[in-house]
Amino acid sequence: MDKKIVLIDGHSILNRAFYGLPDLTTSKGEHTNAILGFLNILYKILDEEKPGYLAVAFDTHHPTFRHEMFTEYKGTRKATPDELRQQVPVMKEVLKAMNVTVIEKPGFEADDVLGTLAKMAEKEGYQVSIVSGDRDLLQLASDNIKIRIPKTKRTGTEIEDYYAKDVIEKYKVTPKQFIDLKGLMGDSSDNIPGIPGVGEKTAGKLIAKYQSIENLYDHIDELSPGKTTTTIKENKELAYLSKELATICTDCDLEFNLEEAVLGDLYNEDVYKWFKNLEFKSLISRFGSMEIDQSLEIEKNFSVIENLSEADLVFANIKPMDNQPIGLYMIIDNNELLGVSLCFSEKKIYLIKKVGMITEDYLTNQVEKLAKNKFSFSVIGLKNQLKYLKVSEDDLVFDPAIAAYLLNPLTDTYHYDDIARDYLGITIPSVEDLLGKMKLKEAMEKMPKEFTAYACYSSYVAYKAAPRLKKQLDETGMLKLFEEIELPLIFTLYDMEVRGIRVNKEALKEYGDHLKVGIDSLEKQIYELVGETFNINSPKQLGVILFEKLKLPFAKKTKTGYSTAADILEKLRSEHPVISMILEYRQLTKLKSTYADGLAVFIQDDGRIHGKFHQTIAATGRISSTDPNLQNIPIRMELGRKIRKVFIPEEGYVFLDADYSQIELRVLAHLSGDEQLIKAYKEAKDIHRITASEVFHTPFDEVTPLQRSNAKAVNFGIIYGISSFGLGQDLNITRKEAERFIEKYFKTFPKIKNYLDRLVAEAKKEGYSTTLFGRRRPIPELASSNYMQRSFGERVAMNSPIQGTAADIIKIAMNRINKRLKDNNMRSRLILQVHDELLVEAHNEEVEEVKKIMVEEMQGAASLDVPLETEVNMGYNWYEAK
DNA sequence: ATGATCACG
DNA sequence: ACGTACGTGATCATT
């Protein structure tokens, strides 16, 4: 059996990975992309080769990389970005945890270590693989030594392999001659000077003829006279020096025994913890089911209750420690209650299963009784539990997921394992780790141990994290925001989801059929016009048709091909009649697939759509909507807008739709304290017209439509974190012209400029931005060494407080409206929120009262220096009400 | 799984 | 010299 060893050029691979992957960070902001990329390459190679031995070599000098030593004085290469530098020591720790041999020999460069080990191993009969991003190492290739150069591509990692024969095939020189080649042509990235004026071509020819630099100079007189020959003659010393520099040492005195590089246990508890901490979710799956074995101490305190008398005892003896909230979790699968998990001390963590005499009613009633007796609960993901967890906003509840979202709204999940990691500092298996893709009900029967762990961790983490999260909310000034806005909102959103919105199924079907007719006809015409059939919905195929077959101008490239986005096609309208048809085809197919067909599947048996609203998604504090997304139902184009006619109220009800007028600009007026803007709003003037009037020095009544629409675009730009490029793009004008607009705007409204500058400065100082109600958004991009990212951070710093404050305000209004409707025992209910708009399904007899409530609560949600103007419309469908 | 596109605020 | 407006979610094609 042949022995296999893999040798990795540590810094080189880290470097490649860093530049090959986007900037990934953990929830705490530690950069991890280079480490992840390195590990992906490592695993790919291990999977392919299954070697018995592995070593990784790092350079030792400086915390910088080898190449920089030479380039400092040239100043061509930038210093290692901090984002990469931070990852180097972590990478070494991870490798150590994996029992991978890391070689750092003072005085030796990684190249020389790799060269020496490779030759040593080859002599002892190993098959050797050297992994590096650096082509220098090709000189080491032989029949037994393979150089592997990974390329991070869109599709994943591809590896180029070079044995000696592959080097000869590709470069027409032997690995050994590769050194001579480098000696002649040099290598700027390695700062090997070479001979001036000699490049790849000349060097290749010379080495092909003379094999080596030594032999070349032995026969130097054979060269035909010329400029190049003269420089070659003059630079003999440089050539020899360059060759020396390019030569990798293969017999360094390393005092290293290859047996030390034997592979150990790659999948151990330490590595698992590292991956958890680095949040490498995809790599965790490699651990298979082993992680359940590394059970934490706490799992010994999990107990399963399956008979009624024991369950009675548990419920009777609940005594929370230190008046902490009880950790609670209702185990629900497919709308069915499977059990209840609760935790009220470190030692008391129960899973009470719904079996035998322990019925669904028993469990829900017991829990409800606890709430009535003023026990307080901590529940991760409370909204999803309310079907069985009978509590109201008047009960004492806490949701760690919402708290964790406020403390860091940038991450995508707030599951128990995330909260345990971030707030308890412990690494525990996630549901996926424990149960894979298995449904809960099946897991309860087939994997009782894992099922119990999932259930008990859920309540344990909720219990344990609650006080800490609450403390942090207090320390960050967000406790009031949490208690007075976010917690009540859980119940408001739940009520909205339960009520849902009625949809006219037949009308929706007709709408879709109508679209189908147009789509079929357009499709036919398009094929005829271009003379062939193709998939119009494929940007790739469409790009080829438009820009290659029809040779239309203005081709703009994306990463994958030509851009066929609407704004590009818009400019091509006059170039070819097919363009208009394609744009219309796009519009129609979008409407059909996403809305006509897409919405239909969500209509429940009650004739209503019960979409979901999410409270922990948007970084700015906005609510989001899925299954389906009811916040992006068409309105801007008439054809699309018609779909709103299928959203209808129940018999005996109407829709009341209320929306804030320009809430974000009003928020900006208030926050910036700009007198002009405030005055304009107090006088209820057309704000875009007044902006145009001021900016273009035109009397209010003489503002042209173009001036007004330009001013409107600038107003939007201000909210988005203005950039001349973006505004130019939007208005289809040059960057220069856009810049002039912005300058004029800031000259007219100096306080706005001052305010936006302050927002950026403060966010840079604190690392986050803040809304009027104290909501924070961390902006790590502001500290980036990358100009693009930093600029993005600056725009975010300007936008988040504005968008976020508006989000805070409408949330307050939603809670108050919902509460008043319920407290007054009214039949009307809030059913939708679309960022600055609320839709209520109002009972015929309550219309005037509901109108009053909506306007009062929306206008009164915050007292700003400008009025929060609110417009209400009534209608017998959503189209009419808007 | 990812990118391109497009629907909304 | 570089290249982007802010915040979302769904669908389709492609890998």
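Chain identifiers are assigned alphabetically (A, B, ...) following the order of the sequence lines, protein sequences preceding nucleic acid strands; residue numbering begins at 1 within each chain.
Nucleic acid contact for A:N537: sugar-phosphate only, since backbone atoms but no base atoms lie under 4.0 Å from a heavy atom of the residue. Across all strands shown, A:A807 has no heavy atoms under 4.0 Å from either base or sugar-phosphate atoms. In this structure, A:I617 reaches the sugar-phosphate backbone alone: every heavy-atom distance under 4.0 Å involves primed, P, OP1 or OP2 atoms, never a base. Counting non-hydrogen atoms under 4.0 angstrom, A:T620 reaches the backbone sugars and phosphates but no base. Residue contacts shown for A:G721 are absent, as no nucleic acid heavy atom lies under 4.0 Å away. Here A:R777 lies in heavy-atom contact (under 4.0 Å) with sugar-phosphate atoms only. In this structure, A:S724 reaches neither bases nor backbone, as no heavy-atom distance under 4.0 Å exists between it and the strands shown. Among the atoms of the strands shown, only primed sugar atoms or phosphate atoms (P, OP1, OP2) are found under 4.0 Å from some heavy atom of A:D627.
Between the CG atom of A:D730 and the C1' atom of C:dC6 there is a distance of 12 Å, given to the nearest Å. Rounding to whole angstrom units, CD of residue A:E781 and C1' of C:dC6 are separated by 13 Å. If you take CZ of A:F602 and P of C:dG9, they are 13 Å apart, rounded to a whole angstrom. The distance between atom NZ of A:K811 and atom C1' of C:dG7, rounded to the nearest whole Å, is 13 Å. Look at CZ on A:R790: it is 14 Å from C1' on C:dT4, rounded to the nearest Å. Residue A:N715 contributes atom CG, which lies 15 Å from atom C1' of C:dC6 at whole-angstrom precision. Across the protein-nucleic acid pair, A:R775 atom CZ and C:dG7 atom P stand 15 Å apart, rounded to whole Å. Protein atom CG of A:L727 is 13 Å distant from nucleotide atom P of C:dC6, rounded to whole Å.
Taken residue by residue, residues 706-714 of chain A places heavy atoms nearer than 4.0 Å to DNA chain C at A:A713.
Salt-bridge formation is not detected for the pair A:E880/A:R644: no Lys NZ or Arg NE/NH1/NH2 atom is positioned less than 4.0 Å from an Asp or Glu carboxylate oxygen.
Contact annotation: A:S624 reaches the phosphate of C:dG9 (side-chain N/O to OP1 or OP2, under 4.0 Å). Within the 4.0 Å cut-off from OP1 or OP2 of C:dC6, at least one side-chain nitrogen or oxygen of A:R795 is found. Taking side-chain N and O atoms only, A:K540 has a distance below 4.0 Å to OP1 or OP2 of C:dT15. Applying the 4.0 Å criterion to OP1 and OP2 of C:dT14, one finds that A:S538 has a side-chain N or O inside that range.
Here CD1 of A:I545 is found 7.5 Å from CD of A:Q541. Values are rounded to the nearest 0.5 Å. The distance from atom CZ of A:R776 to atom OG1 of A:T770, rounded to the nearest 0.5 Å, is 6.0 Å. To the nearest 0.5 Å, atoms CG (A:D836) and CD (A:E664) are separated by 8.0 Å.
With P as the reference atom, C:dA5 and B:dC6 are 14 Å apart, rounded to whole Å. Spacing between B:dA4 and C:dT4 at atom P, rounded to whole Å, works out to 11 Å.
Residue A:S593 places no side-chain atom within donor-acceptor reach of the base of C:dT11, judged by atom type and a 3.5 Å distance cut-off alone.
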Completion exercise
Protein heavy-atom contacts under 4.0 Å, written 5' to 3' over nucleotides 4-9 of chain B as B (base), S (sugar-phosphate only) or - (none), form the string SSBBBB
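Below 30°, between 30° and 60°, or above 60°: for A:F716 and A:H688 the angle between ring planes is below 30°, a parallel geometry.
Donor-acceptor pairing under 3.5 Å is recorded for the side chains of A:S430 and A:D433. Defined by atom type and a distance below 3.5 Å, a donor-acceptor pair is missing between the side-chain atoms of A:S769 and A:E762. In the model, A:R777 has no side-chain atom that pairs as donor or acceptor with a side-chain atom of A:T771 under 3.5 Å. Side chain to side chain, A:Y681 and A:R666 fail the donor-acceptor criterion of an N or O pair below 3.5 Å.
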Residues 635-643 of chain A side chain polar contacts: donor-acceptor under 3.5 Å, at least two apart:
unit_1	atom_1	unit_2	atom_2	d
A:E638	OE1	A:Y879	OH	3.4
A:E638	OE2	A:K642	NZ	3.0
A:E638	OE2	A:Y879	OH	2.7

Quick one: side chains of residues 613-620 of chain A, donor-acceptor pairs under 3.5 Å with protein atoms, not counting sequence neighbours, listed by atom name and distance.
unit_1	atom_1	unit_2	atom_2	d
A:H614	NE2	A:T626	OG1	2.6
A:Q615	NE2	A:E486	O	2.8
A:Q615	NE2	A:E486	OE1	2.8
A:T620	OG1	A:Q803	OE1	2.8

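Considering only the side chain of A:N535, C:dA13 comes nearest among C:dA10, C:dA13, C:dA5.
A ring-centre distance under 6.0 Å is not found for A:F741 and A:Y745.
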Handout entry: Bracket notation of DNA chain C in which parentheses pair within the strand, [ ] cross earlier pairs, and | pairs with another strand (Watson-Crick or G-U, under 3.5 Å)
Key = .....|||||||||.
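Residues satisfying the ring pair (Phe, Tyr, Trp, His ring centres under 6.0 Å) criterion with A:Y595, sequence neighbours excluded, are absent altogether.
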